[in-house]
Amino acid sequence: MTERAVPFYCPYCGDEDLEPYESDGGWHCRACTRAFRLRFVGLGALSTTGAPGREGSA
């Protein structure tokens, strides 16, 4: 497993001209001058309890 997740493109403008920004997964897009951060949330299946449009089991 790698230490850093590397984005392929900017989530705002779609450009690929990215460079690391600060630490903790931060990235800077040189095209639109925005900075953003990648964060791993976790693994697992989504819970079906309380999902919209689902009534109790019949």
Side-chain angles (χ1 to χ4, degrees):
M1 182 174 209
T2 62
E3 182 179 318
R4 179 185 298 243
V6 179
F8 294 109
Y9 58 88
C10 174
Y12 298 102
C13 71
D15 200 88
E16 297 176 358
D17 192 10
L18 303 174
E19 64 181 11
Y21 181 75
E22 295 181 351
S23 62
D24 297 332
W27 290 90
H28 174 253
C29 176
R30 294 182 209 172
C32 68
T33 67
R34 289 186 170 115
F36 58 95
R37 184 180 320 269
L38 296 179
R39 184 174 67 119
F40 179 71
V41 178
L43 296 173
L46 296 174
S47 174
T48 58
T49 58
R54 285 206 136 181
E55 302 295 325
S57 59

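As the structure is a computational prediction, the values presented were derived from the model and not from experiment.
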> Got a sec, which residues hit salt bridge (charged side-chain N to carboxylate O under 4.0 Å, His left out) with R30, two or more places apart in sequence or on another chain?
Replying inline: D17, E19
> Under the side-chain contact (heavy atoms from CB on, under 4.5 Å) test, which residues partner Y12, sequence neighbours left out?
Replying inline: C10, C32, R34, F36
> Under the salt bridge (charged side-chain N to carboxylate O under 4.0 Å, His left out) test, which residues partner D15, sequence neighbours left out?
Replying inline: none
> F8, V6: one ILVMFWY side-chain cluster at the under-4.5 Å cut-off?
Replying inline: no
